[in-house]
Protein chains: 2
Amino acid sequence: MLLSKACIYGIRASLYVAAMHEQKRPFVPIREVSDKLELSFHFLTKILQQLTAAGLMKSYKGPNGGIAFTREPKDIKLIEVVSAIDGLDLFKECVLGLPGCGHKQPCPFHDKWATTREAIEIMFNATSLEELATKGKRMNLRLSAEITMDDLLKTA
Amino acid sequence: MLLSKACIYGIRASLYVAAMHEQKRPFVPIREVSDKLELSFHFLTKILQQLTAAGLMKSYKGPNGGIAFTREPKDIKLIEVVSAIDGLDLFKECVLGLPGCGHKQPCPFHDKWATTREAIEIMFNATSLEELATKGKRMNLRLSAEITMDDLLKTA
DNA sequence: ATTATTAAAGATAATTTAGTCTTAAATATT
DNA sequence: AATATTTAAGACTAAATTATCTTTAATAAT
Ligand code: SF4
Ligand code: SF4
(Lines give C-alpha, C1' and ligand atoms only; values in the text may rest on other atoms or scores of the structure.)
(Ligands and ions follow the chains in the order given, each with its own letter.)
Protein backbone atom coordinates (compact mmCIF):
# COMPACT_ATOMS: atom_id res chain seq x y z
CA MET A 1 0.00 0.00 0.00
CA LEU A 2 1.40 3.29 -1.10
CA LEU A 3 -0.24 5.49 1.52
CA SER A 4 -1.36 4.73 5.08
CA LYS A 5 -5.08 4.71 5.84
CA ALA A 6 -4.59 7.85 7.88
CA CYS A 7 -3.07 9.57 4.87
CA ILE A 8 -5.81 8.38 2.54
CA TYR A 9 -8.49 9.63 4.91
CA GLY A 10 -6.64 12.91 5.24
CA ILE A 11 -6.58 13.37 1.48
CA ARG A 12 -10.22 12.47 1.05
CA ALA A 13 -11.20 14.84 3.84
CA SER A 14 -9.03 17.54 2.30
CA LEU A 15 -10.78 17.13 -1.02
CA TYR A 16 -14.15 17.47 0.69
CA VAL A 17 -13.10 20.60 2.53
CA ALA A 18 -11.59 21.99 -0.68
CA ALA A 19 -14.88 21.38 -2.48
CA MET A 20 -16.73 23.21 0.29
CA HIS A 21 -14.20 26.00 0.10
CA GLU A 22 -15.13 26.50 -3.53
CA GLN A 23 -18.76 26.74 -2.45
CA LYS A 24 -17.82 29.67 -0.22
CA ARG A 25 -18.06 27.53 2.90
CA PRO A 26 -14.50 27.40 4.15
CA PHE A 27 -15.27 26.27 7.73
CA VAL A 28 -16.60 22.75 7.93
CA PRO A 29 -17.21 20.73 11.11
CA ILE A 30 -15.20 17.52 11.31
CA ARG A 31 -18.38 15.66 12.14
CA GLU A 32 -19.82 16.65 8.80
CA VAL A 33 -16.75 15.38 6.99
CA SER A 34 -16.70 12.08 8.84
CA ASP A 35 -20.42 11.58 8.26
CA LYS A 36 -20.23 12.38 4.57
CA LEU A 37 -17.16 10.28 3.90
CA GLU A 38 -18.19 7.49 6.26
CA LEU A 39 -15.05 7.77 8.35
CA SER A 40 -14.55 7.37 12.08
CA PHE A 41 -15.05 10.83 13.57
CA HIS A 42 -12.40 10.46 16.25
CA PHE A 43 -9.85 8.92 13.97
CA LEU A 44 -10.41 11.66 11.44
CA THR A 45 -10.11 14.28 14.14
CA LYS A 46 -6.63 13.07 14.98
CA ILE A 47 -5.62 13.05 11.36
CA LEU A 48 -6.88 16.57 10.78
CA GLN A 49 -5.02 17.69 13.87
CA GLN A 50 -1.89 16.70 12.04
CA LEU A 51 -2.90 18.97 9.20
CA THR A 52 -3.49 21.89 11.55
CA ALA A 53 -0.24 21.12 13.36
CA ALA A 54 1.46 21.33 9.98
CA GLY A 55 -0.11 24.74 9.39
CA LEU A 56 -2.20 23.52 6.50
CA MET A 57 -5.50 23.99 8.29
CA LYS A 58 -6.85 26.14 11.07
CA SER A 59 -9.54 25.09 13.49
CA TYR A 60 -12.16 26.84 15.54
CA LYS A 61 -14.00 25.39 18.51
CA GLY A 62 -17.59 25.87 19.52
CA PRO A 63 -20.85 26.27 17.62
CA ASN A 64 -20.28 27.02 13.96
CA GLY A 65 -16.71 25.95 14.51
CA GLY A 66 -14.82 23.56 12.34
CA ILE A 67 -11.75 23.35 10.19
CA ALA A 68 -10.60 25.28 7.14
CA PHE A 69 -7.53 25.61 5.02
CA THR A 70 -5.12 28.40 5.86
CA ARG A 71 -4.35 28.92 2.18
CA GLU A 72 -6.36 28.70 -0.99
CA PRO A 73 -6.82 25.08 -2.10
CA LYS A 74 -5.43 26.00 -5.48
CA ASP A 75 -2.11 26.75 -3.79
CA ILE A 76 -2.03 23.54 -1.77
CA LYS A 77 -0.44 20.51 -3.37
CA LEU A 78 -1.33 16.97 -2.46
CA ILE A 79 2.22 16.33 -1.37
CA GLU A 80 1.73 18.75 1.50
CA VAL A 81 -1.05 16.59 2.88
CA VAL A 82 0.99 13.43 2.38
CA SER A 83 3.97 15.08 4.02
CA ALA A 84 1.98 16.14 7.08
CA ILE A 85 0.64 12.63 7.69
CA ASP A 86 2.98 10.02 6.23
CA GLY A 87 6.04 12.21 5.92
CA LEU A 88 8.28 12.33 2.88
CA ASP A 89 9.96 8.98 3.41
CA LEU A 90 8.16 7.45 0.46
CA PHE A 91 10.00 9.85 -1.80
CA LYS A 92 13.38 9.34 -0.21
CA GLU A 93 13.51 5.70 0.77
CA CYS A 94 15.05 2.70 -0.91
CA VAL A 95 12.49 0.38 -2.40
CA LEU A 96 14.38 -2.48 -0.75
CA GLY A 97 14.27 -0.75 2.63
CA LEU A 98 18.02 -0.26 2.88
CA PRO A 99 19.16 2.69 4.98
CA GLY A 100 20.90 5.73 3.57
CA CYS A 101 19.45 5.82 0.08
CA GLY A 102 21.33 8.38 -1.95
CA HIS A 103 24.30 8.47 0.40
CA LYS A 104 25.53 4.94 0.67
CA GLN A 105 26.26 2.46 -2.08
CA PRO A 106 23.07 1.88 -4.07
CA CYS A 107 21.15 -1.37 -4.33
CA PRO A 108 20.64 -3.05 -7.73
CA PHE A 109 17.15 -1.61 -8.02
CA HIS A 110 18.23 1.94 -7.54
CA ASP A 111 18.12 3.41 -11.05
CA LYS A 112 14.73 2.07 -11.94
CA TRP A 113 13.27 2.87 -8.56
CA ALA A 114 14.66 6.39 -8.49
CA THR A 115 12.85 7.08 -11.75
CA THR A 116 9.58 5.59 -10.58
CA ARG A 117 9.83 7.22 -7.19
CA GLU A 118 10.24 10.57 -8.85
CA ALA A 119 7.15 9.95 -10.97
CA ILE A 120 5.19 9.29 -7.80
CA GLU A 121 6.54 12.42 -6.19
CA ILE A 122 5.73 14.50 -9.26
CA MET A 123 2.20 13.16 -9.22
CA PHE A 124 1.63 14.46 -5.69
CA ASN A 125 3.70 17.56 -6.23
CA ALA A 126 1.98 18.71 -9.38
CA THR A 127 -1.58 18.16 -8.19
CA SER A 128 -3.48 20.78 -6.19
CA LEU A 129 -6.48 20.19 -3.97
CA GLU A 130 -8.49 22.62 -6.04
CA GLU A 131 -7.68 20.75 -9.22
CA LEU A 132 -8.97 17.45 -7.91
CA ALA A 133 -11.96 18.98 -6.15
CA THR A 134 -13.02 20.81 -9.29
CA LYS A 135 -12.53 17.77 -11.45
CA GLY A 136 -14.47 15.69 -8.96
CA LYS A 137 -17.40 18.08 -9.15
CA ARG A 138 -17.28 18.52 -12.90
CA MET A 139 -17.26 14.79 -13.56
CA ASN A 140 -19.22 13.74 -10.49
CA LEU A 141 -16.48 11.44 -9.26
CA ARG A 142 -16.57 9.68 -5.93
CA LEU A 143 -14.84 10.48 -2.64
CA SER A 144 -16.18 7.45 -0.83
CA ALA A 145 -17.17 3.88 -1.61
CA GLU A 146 -20.57 4.77 -3.01
CA ILE A 147 -20.78 8.53 -2.61
CA THR A 148 -20.07 10.89 -5.49
CA MET A 149 -19.47 14.60 -5.42
CA ASP A 150 -23.06 15.32 -6.42
CA ASP A 151 -24.28 13.34 -3.43
CA LEU A 152 -21.91 15.24 -1.20
CA LEU A 153 -22.86 18.69 -2.43
CA LYS A 154 -26.58 18.02 -2.68
CA THR A 155 -27.12 17.70 1.04
CA ALA A 156 -24.41 20.06 2.12
CA MET B 1 5.82 2.05 2.15
CA LEU B 2 5.40 0.51 -1.27
CA LEU B 3 6.22 -3.08 -0.34
CA SER B 4 5.81 -4.99 2.90
CA LYS B 5 8.92 -6.02 4.82
CA ALA B 6 8.17 -9.61 3.93
CA CYS B 7 8.17 -8.70 0.27
CA ILE B 8 11.37 -6.70 0.53
CA TYR B 9 13.11 -9.58 2.30
CA GLY B 10 11.77 -11.95 -0.33
CA ILE B 11 13.20 -9.84 -3.13
CA ARG B 12 16.57 -9.44 -1.46
CA ALA B 13 16.76 -13.17 -0.80
CA SER B 14 15.76 -13.87 -4.39
CA LEU B 15 18.54 -11.65 -5.65
CA TYR B 16 21.01 -13.50 -3.49
CA VAL B 17 19.83 -16.88 -4.70
CA ALA B 18 19.87 -15.62 -8.29
CA ALA B 19 23.46 -14.47 -7.87
CA MET B 20 24.40 -17.91 -6.54
CA HIS B 21 22.56 -19.51 -9.41
CA GLU B 22 24.84 -17.66 -11.80
CA GLN B 23 27.80 -19.06 -9.87
CA LYS B 24 26.51 -22.56 -10.67
CA ARG B 25 25.26 -23.00 -7.13
CA PRO B 26 21.50 -23.20 -7.53
CA PHE B 27 20.69 -24.80 -4.15
CA VAL B 28 21.33 -22.52 -1.23
CA PRO B 29 20.41 -23.17 2.42
CA ILE B 30 18.04 -20.61 3.89
CA ARG B 31 20.36 -20.22 6.85
CA GLU B 32 23.07 -19.00 4.52
CA VAL B 33 20.75 -16.43 2.99
CA SER B 34 19.53 -15.16 6.35
CA ASP B 35 23.08 -14.95 7.68
CA LYS B 36 24.41 -13.15 4.63
CA LEU B 37 21.56 -10.67 4.39
CA GLU B 38 21.19 -10.28 8.15
CA LEU B 39 17.58 -11.39 8.18
CA SER B 40 15.68 -13.45 10.72
CA PHE B 41 16.06 -17.07 9.67
CA HIS B 42 12.57 -18.13 10.72
CA PHE B 43 10.88 -15.13 9.25
CA LEU B 44 12.73 -15.60 6.00
CA THR B 45 11.82 -19.28 5.97
CA LYS B 46 8.15 -18.40 6.00
CA ILE B 47 8.59 -15.89 3.24
CA LEU B 48 10.47 -18.32 1.06
CA GLN B 49 7.78 -20.90 1.67
CA GLN B 50 5.43 -18.53 -0.07
CA LEU B 51 7.77 -18.52 -3.03
CA THR B 52 7.86 -22.31 -3.16
CA ALA B 53 4.08 -22.43 -2.69
CA ALA B 54 3.82 -20.14 -5.70
CA GLY B 55 5.97 -22.54 -7.70
CA LEU B 56 8.78 -20.05 -8.05
CA MET B 57 11.22 -22.05 -5.95
CA LYS B 58 11.73 -25.64 -4.99
CA SER B 59 13.17 -26.84 -1.71
CA TYR B 60 15.03 -29.82 -0.52
CA LYS B 61 15.40 -30.97 3.08
CA GLY B 62 18.38 -32.49 4.81
CA PRO B 63 22.12 -32.04 4.51
CA ASN B 64 23.08 -30.15 1.36
CA GLY B 65 19.44 -29.19 1.11
CA GLY B 66 18.20 -25.71 0.49
CA ILE B 67 16.15 -23.72 -1.94
CA ALA B 68 16.51 -23.01 -5.65
CA PHE B 69 14.53 -21.42 -8.40
CA THR B 70 12.42 -23.71 -10.55
CA ARG B 71 13.17 -21.60 -13.63
CA GLU B 72 16.18 -19.67 -14.83
CA PRO B 73 16.48 -16.31 -13.01
CA LYS B 74 16.62 -14.59 -16.37
CA ASP B 75 13.05 -15.75 -16.98
CA ILE B 76 11.74 -14.66 -13.58
CA LYS B 77 10.45 -11.13 -13.28
CA LEU B 78 10.41 -9.20 -10.03
CA ILE B 79 6.65 -8.92 -10.23
CA GLU B 80 6.37 -12.67 -9.72
CA VAL B 81 8.09 -12.35 -6.37
CA VAL B 82 5.95 -9.38 -5.40
CA SER B 83 2.85 -11.22 -6.50
CA ALA B 84 3.67 -14.30 -4.44
CA ILE B 85 4.16 -12.28 -1.25
CA ASP B 86 2.17 -9.04 -1.37
CA GLY B 87 -0.19 -10.00 -4.15
CA LEU B 88 -1.08 -7.81 -7.07
CA ASP B 89 -3.31 -5.39 -5.16
CA LEU B 90 -0.77 -2.62 -5.46
CA PHE B 91 -1.25 -2.67 -9.21
CA LYS B 92 -5.03 -2.81 -9.08
CA GLU B 93 -6.04 -0.71 -6.13
CA CYS B 94 -7.26 2.83 -5.89
CA VAL B 95 -4.70 5.17 -4.41
CA LEU B 96 -7.46 6.49 -2.16
CA GLY B 97 -8.38 3.00 -1.00
CA LEU B 98 -11.83 3.01 -2.56
CA PRO B 99 -13.22 -0.38 -3.52
CA GLY B 100 -13.86 -1.49 -7.07
CA CYS B 101 -11.20 0.48 -8.91
CA GLY B 102 -11.79 0.16 -12.62
CA HIS B 103 -15.38 -0.99 -12.23
CA LYS B 104 -17.12 1.66 -10.21
CA GLN B 105 -17.15 5.41 -10.70
CA PRO B 106 -13.55 6.64 -10.43
CA CYS B 107 -12.16 8.96 -7.78
CA PRO B 108 -10.67 12.35 -8.75
CA PHE B 109 -7.15 10.97 -8.57
CA HIS B 110 -7.80 8.15 -10.96
CA ASP B 111 -6.18 9.32 -14.20
CA LYS B 112 -2.93 10.42 -12.65
CA TRP B 113 -2.74 7.41 -10.40
CA ALA B 114 -3.54 4.93 -13.15
CA THR B 115 -0.56 6.27 -15.08
CA THR B 116 1.78 6.15 -12.12
CA ARG B 117 0.52 2.78 -11.02
CA GLU B 118 1.27 1.41 -14.44
CA ALA B 119 4.79 2.81 -14.28
CA ILE B 120 5.30 0.95 -11.03
CA GLU B 121 3.94 -2.24 -12.51
CA ILE B 122 6.13 -1.92 -15.58
CA MET B 123 9.14 -1.46 -13.35
CA PHE B 124 8.54 -4.80 -11.65
CA ASN B 125 7.29 -6.46 -14.79
CA ALA B 126 10.22 -5.52 -16.97
CA THR B 127 12.95 -6.42 -14.51
CA SER B 128 14.32 -9.93 -14.17
CA LEU B 129 16.15 -11.38 -11.20
CA GLU B 130 19.11 -12.15 -13.41
CA GLU B 131 19.29 -8.56 -14.61
CA LEU B 132 19.51 -7.15 -11.10
CA ALA B 133 21.80 -9.86 -9.81
CA THR B 134 24.22 -9.35 -12.69
CA LYS B 135 24.13 -5.61 -12.33
CA GLY B 136 24.68 -5.96 -8.60
CA LYS B 137 27.77 -8.06 -9.20
CA ARG B 138 29.14 -5.92 -11.99
CA MET B 139 28.82 -2.71 -10.03
CA ASN B 140 29.33 -4.21 -6.57
CA LEU B 141 26.00 -2.89 -5.27
CA ARG B 142 24.58 -3.76 -1.90
CA LEU B 143 21.89 -6.22 -0.91
CA SER B 144 22.00 -5.34 2.77
CA ALA B 145 22.66 -2.30 4.94
CA GLU B 146 26.44 -2.57 4.71
CA ILE B 147 27.04 -5.67 2.61
CA THR B 148 27.82 -5.46 -1.08
CA MET B 149 27.78 -8.18 -3.69
CA ASP B 150 31.54 -8.58 -3.47
CA ASP B 151 31.27 -9.23 0.25
CA LEU B 152 28.54 -11.77 -0.39
CA LEU B 153 30.38 -13.67 -3.09
CA LYS B 154 33.78 -13.55 -1.43
CA THR B 155 32.85 -15.83 1.44
CA ALA B 156 30.30 -17.87 -0.44
C1' DA C 1 -24.69 32.05 34.10
C1' DT C 2 -26.26 27.99 31.66
C1' DT C 3 -26.39 25.12 27.97
C1' DA C 4 -25.16 23.32 23.53
C1' DT C 5 -21.64 22.68 20.12
C1' DT C 6 -17.36 21.86 18.61
C1' DA C 7 -12.11 20.60 18.48
C1' DA C 8 -8.20 18.75 21.47
C1' DA C 9 -6.25 15.39 24.18
C1' DG C 10 -5.64 11.11 26.13
C1' DA C 11 -6.75 6.34 27.39
C1' DT C 12 -7.95 2.02 25.71
C1' DA C 13 -9.00 -1.70 22.39
C1' DA C 14 -8.73 -4.24 17.99
C1' DT C 15 -6.32 -5.53 14.00
C1' DT C 16 -2.49 -6.25 11.11
C1' DT C 17 2.26 -6.86 10.39
C1' DA C 18 6.56 -8.31 11.92
C1' DG C 19 9.31 -11.34 14.33
C1' DT C 20 10.60 -15.35 17.60
C1' DC C 21 10.57 -19.92 19.35
C1' DT C 22 9.51 -24.85 19.42
C1' DT C 23 8.52 -29.11 17.37
C1' DA C 24 8.02 -32.17 13.44
C1' DA C 25 9.34 -34.17 9.00
C1' DA C 26 12.59 -35.25 5.43
C1' DT C 27 17.15 -36.34 3.90
C1' DA C 28 22.05 -37.48 3.93
C1' DT C 29 26.12 -39.22 6.24
C1' DT C 30 28.30 -42.22 9.23
C1' DA D 1 20.30 -47.77 12.96
C1' DA D 2 21.90 -43.36 14.81
C1' DT D 3 23.02 -38.72 14.15
C1' DA D 4 23.29 -34.31 11.98
C1' DT D 5 21.34 -31.10 8.77
C1' DT D 6 17.88 -28.86 6.71
C1' DT D 7 12.96 -27.25 5.43
C1' DA D 8 7.94 -27.18 7.16
C1' DA D 9 4.57 -26.03 10.28
C1' DG D 10 2.57 -24.07 14.12
C1' DA D 11 2.30 -21.60 18.48
C1' DC D 12 3.52 -17.63 20.46
C1' DT D 13 5.18 -12.66 21.23
C1' DA D 14 6.06 -7.83 19.97
C1' DA D 15 5.30 -3.73 17.59
C1' DA D 16 2.89 -0.77 14.64
C1' DT D 17 -1.29 0.72 12.72
C1' DT D 18 -6.07 1.50 12.94
C1' DA D 19 -10.00 2.52 15.50
C1' DT D 20 -12.95 3.58 19.57
C1' DC D 21 -14.24 5.77 23.81
C1' DT D 22 -13.97 9.27 27.43
C1' DT D 23 -12.81 13.61 29.22
C1' DT D 24 -11.42 18.38 28.74
C1' DA D 25 -11.29 23.00 26.77
C1' DA D 26 -13.01 26.62 23.92
C1' DT D 27 -16.76 29.15 21.94
C1' DA D 28 -21.41 30.73 20.91
C1' DA D 29 -26.19 31.25 21.81
C1' DT D 30 -29.77 31.65 25.04
S1 SF4 E 1 19.61 1.12 -4.43
FE2 SF4 E 1 18.87 3.14 -4.69
S3 SF4 E 1 16.82 3.02 -3.91
FE4 SF4 E 1 17.82 1.24 -3.17
S5 SF4 E 1 18.69 1.86 -1.19
FE6 SF4 E 1 20.27 2.18 -2.63
S7 SF4 E 1 20.09 4.29 -3.17
FE8 SF4 E 1 18.14 3.71 -2.25
S1 SF4 F 1 -10.38 6.93 -8.90
FE2 SF4 F 1 -9.30 5.50 -10.13
S3 SF4 F 1 -7.72 4.81 -8.78
FE4 SF4 F 1 -9.17 5.78 -7.50
S5 SF4 F 1 -10.60 4.16 -6.88
FE6 SF4 F 1 -11.49 5.06 -8.63
S7 SF4 F 1 -10.80 3.82 -10.33
FE8 SF4 F 1 -9.43 3.38 -8.60
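Quantities reported herein were computed from a predicted structural model and do not represent experimental measurements. In what follows, chains carry the letters A, B, and so on, assigned in the order in which the sequence lines appear, proteins first and then strands, with residues in each chain numbered from 1.
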Could you give the [atom1]-to-[atom2] distance, from [X] to [N], as a whole number of Å?
X	N	atom1	atom2	answer
I85(A)	dT17(D)	CD1	P	14 Å
D35(B)	dT5(D)	CG	P	14 Å
I8(A)	dA19(D)	CD1	P	10 Å
I67(A)	dT27(D)	CD1	P	17 Å
I30(A)	dA19(D)	CD1	P	16 Å
I47(A)	dT20(D)	CD1	C1'	13 Å
L51(B)	dT7(D)	CG	P	14 Å

Taking all atoms of both residues into account, what is the closest heavy-atom pair of R117(A) and C101(A), and its distance?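 Smallest heavy-atom distance, with atoms named: NH1-SG, 3.3 Å.
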
Minimum heavy-atom separation for P108(B) and L15(A), please, with both atom names.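 Where P108(B) meets L15(A) most closely, the heavy atoms are CG-CD1, 4.5 Å.
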
For residues [X] and [Y], determine if any side-chain heavy atom of one lies less than 4.5 Å from a side-chain heavy atom of the other.
X	Y	result
S14(A)	L51(A)	yes
F41(A)	D35(A)	no
R12(A)	L39(A)	yes

Sequence neighbours left out, what pairs pass side chain to side chain donor-acceptor pair (under 3.5 Å) with at least one residue falling in residues 104-113 of chain B?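 Non-adjacent pairs meeting side chain to side chain donor-acceptor pair (under 3.5 Å): T127(A)-K112(B), E131(A)-K112(B), K135(A)-D111(B), E146(A)-K104(B).
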
For residues 65-76 of chain A, tabulate all N or O donor-acceptor pairs below 3.5 Å that involve a side-chain atom, not counting sequence neighbours.
unit_1	atom_1	unit_2	atom_2	d
T70(A)	OG1	G55(A)	O	2.8
T70(A)	OG1	L56(A)	O	3.1
R71(A)	NH1	D75(A)	O	3.3
R71(A)	NH2	E80(A)	OE1	2.4
E72(A)	OE1	H21(A)	NE2	3.3

Is K92(A) salt-bridged to D89(A), cutoff N-O under 4.0 Å?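 No, K92(A) and D89(A) are not salt-bridged.
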
In terms of the nearest nucleotide of DNA chain D, which residue is placed more toward the 5' end: K5(A) or L48(B)? L48(B)

Please work out which residues in residues 55-65 of chain A have a non-hydrogen atom less than 4.0 Å from an atom of DNA chain D and list them by number.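 Contacting residues: Y60(A), K61(A), G62(A), P63(A), N64(A).
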
If I take atom CG from residue L153(A) and atom CD from residue E22(A), how far apart are they, to the nearest 0.5 angstrom? 9.5 Å

For the atom pair CD1 (I47(B)) and OH (Y9(B)), what is the distance rounded to the nearest 0.5 Å?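 So the CD1 of I47(B) and the OH of Y9(B) are separated by 7.5 Å.
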
Heavy atom of residues 38-46 of chain B under 4.0 Å from DNA chain C: which residues?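 Heavy-atom contacts with DNA chain C come from S40(B), H42(B), F43(B), K46(B).
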
Checking E130(B) now: which residues fulfil salt bridge (charged side-chain N to carboxylate O under 4.0 Å, His left out) with it, not counting sequence neighbours?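 For E130(B) there are no salt bridge (charged side-chain N to carboxylate O under 4.0 Å, His left out) partners, ignoring immediate neighbours.
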
First and last nucleotide of DNA chain C, 5' to 3', lying under 4.0 Å from heavy atoms of chain B: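 The contacted stretch runs from dA18(C) to dT29(C).
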
Base, sugar-phosphate, or nothing for F27(A), non-hydrogen atoms under 4.0 angstrom?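 Answer is nothing: F27(A) stays at 4.0 Å or more from every strand.
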
